[in-house]
There are 2 protein chains.
Amino acid sequence: MMPEAPLAEKSAVLARHAFFKGASAGALNRLGAHAREVRYSAGQPIFRKGDEGLGLFAVLSGAVKISVPSPDGRELVLRLVGENEIFGEVALLDGGPRTADAMAAGRCHLLFLDRRDFLAVLKEEPSLAIKLLALVSDRLRQTSEQVEELTFEAPTARLAKALLRLARLQGTAAAEKPQIRITQKELGRTVGLSRETTNKCLNEWALDGALKIEKGACTLLDRAFFARLASGEAP
Amino acid sequence: MMPEAPLAEKSAVLARHAFFKGASAGALNRLGAHAREVRYSAGQPIFRKGDEGLGLFAVLSGAVKISVPSPDGRELVLRLVGENEIFGEVALLDGGPRTADAMAAGRCHLLFLDRRDFLAVLKEEPSLAIKLLALVSDRLRQTSEQVEELTFEAPTARLAKALLRLARLQGTAAAEKPQIRITQKELGRTVGLSRETTNKCLNEWALDGALKIEKGACTLLDRAFFARLASGEAP
DNA sequence: CGCGCGGTGTGAGGCGCTTCACACTGCGCG
DNA sequence: CGCGCAGTGTGAAGCGCCTCACACCGCGCG
């Protein structure tokens, strides 16, 4: 276990995190005072759905997978949290149980902020509250979109959308032909399809030349193709 | 058109609304200064998905239906907003387009608060911001639950859930055997089922004695029956 | 009155997804 | 090395939901 960094350094670490940009020095010090640095290696659980929500996590480096488990062992991946993002904000705010599982998607370095400290600072730092409001309402936007998607759109359209979303999330978004590192099993689970159906669908697209399939990954060769599918058109 | 109430009265109206309980007099006055009272009759649109989000609505009396339209004319009912609740908060916070349609579900009396006024007050009234945060994160909780429901649960379970939810929403929740006024077509649309499938499903439940079907309505005779279905068990 | 229309009831046919079953590959490990 | 395992590729069978088609009922309206 690494030794904990001293207080001053923890506030400095906080200050570098995108979410805390612009916060006052006082707020940063108060938050840093009780912040705990934590490290996880790939696959380790960070919290589980239903756990008591004790606070907020900020990702310093690495990535975290947020997902919900189904009674029969399936899993829906809600989002991938990357560097400079935060997660665990719902339970932070209402003190209720966590709404999803969080798992380290690779080695990751996090900062944990206690709920009570955070709320205390929030009371005196409206700008932080407003920032958080913007963030939470953005989440709400995305989640609502997901609800629409699930009720209205065809499974294959959802799959195409998921690929585009993953390309955006995995940082390779800017690339001409983004490569997405995910297994077909996981991919299917994020949209509620079986592995087999996912596989057949991907292979069809590969035949169309829009996709390259590798082991544990696939590469989008023709983004416009997927954009069309995602908006409900036939290819 | 009713004449507008004077400023003092509008702040007083605000103060009586559950969401603004505990706000300072100064904040209420500032919000009240630009608040507009608006009235709608049944079926009138309040805003549409994609409209510019200019502000927040508070329901003084009546009810508002929040729904999203699908490209092919279907409709998903997200929530029914009742007295002492607020809606339109997402677009309020990030200034983006409205994420759903809002329609008066009956005659209703609303208060409209401009986005810029609201944000200005928020900056100086952290307690209001915290209240809003709690509210938005609660919405996020519910919406996430809906996402889970849609990906994991069987259509019939969703239908059962929808009936329970509608019973709760239509005010007849307290009744022993709540009657729900909705056509089978609409009901199907709220869970993404065809009218025919909905019909067959309801008839099966009616045979089990759990449900009474009338024209344009149905009555839950056995709530426990639906609660079981909703939690994924076989009847 | 007859007609249209909205809501409901019901069957036939078809398509898509699921489950199950099995095969092939590459790779880590004892 | 051989073994197991994770990931992928594919086919058969089955089931649930959708679409289409049609029938019945009650009601408003010309």
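The chains referred to below are lettered A, B, ... by the order of the sequence lines, with proteins before strands, and numbering in each begins at 1.
- Aromatic ring orientation, Phe225(A) versus Trp205(A): perpendicular (interplanar angle above 60°, classes split at 30° and 60°).
- Asn203(A) places a side-chain N or O within donor-acceptor distance of the main-chain N or O of Asn199(A), the cut-off being under 3.5 Å.
- Look at CD on Glu186(A): it is 13 Å from P on dA6(D), rounded to the nearest Å.
- A sub-4.0 Å separation between OP1 or OP2 of dG6(C) and a side-chain N or O of Gln184(B) is absent.
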Donor-acceptor list for residues 54-67 of chain A side chains, cut-off 3.5 Å, not counting sequence neighbours:
from, atom 1, to, atom 2, distance (Å)
Lys65(A), NZ, Glu75(A), OE2, 3.2
Lys65(A), NZ, Glu186(A), OE1, 3.4
Ser67(A), OG, Glu75(A), OE2, 3.1

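- Among residue pairs with one or both ends in residues 190-205 of chain B, none qualify as salt bridge (Lys or Arg N to Asp or Glu O under 4.0 Å); sequence neighbours excluded.
- Note: CZ (Arg181(B)) to C1' (dG7(C)) measures 14 Å, nearest angstrom.
- Regarding Glu204(A), its CD atom lies at a distance of 14 Å from the C1' atom of dG9(D), rounded to whole Å.
- Atom pair Arg189(A):CZ and dT18(C):P shows a separation of 12 Å (rounding to whole Å applied).
- Tested against Thr219(A), the residues Lys177(A), Lys212(A), Glu214(A) include a single side chain to side chain donor-acceptor pair (under 3.5 Å) partner, Glu214(A).
- Atom-to-atom, CG of Leu202(B) to P of dG7(C) comes out at 15 Å; the value is rounded to the nearest Å.
- The phosphate of dT8(C) has neither OP1 nor OP2 within less than 4.0 Å of any side-chain N or O from Asn199(B).
- Across the protein-nucleic acid pair, Lys185(B) atom NZ and dG6(C) atom C1' stand 8 Å apart, rounded to whole Å.
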Whether each nucleotide of nucleotides 14-29 of chain D has a protein heavy atom under 4.0 Å at its base (B), only at its sugar-phosphate (S) or at neither (-) is summarised, 5' to 3', as ---SSBBB--------
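- Of the N and O atoms on the side chains of Glu89(A) and Ser137(B), not one donor lies less than 3.5 Å from an acceptor on the other residue.
- As a whole-Å value, the separation of Ile182(B) CD1 from dT8(C) C1' is 15 Å.
- Straight-line distance from the CG atom of Leu187(B) to the C1' atom of dG9(C): 16 Å, rounded to whole Å.
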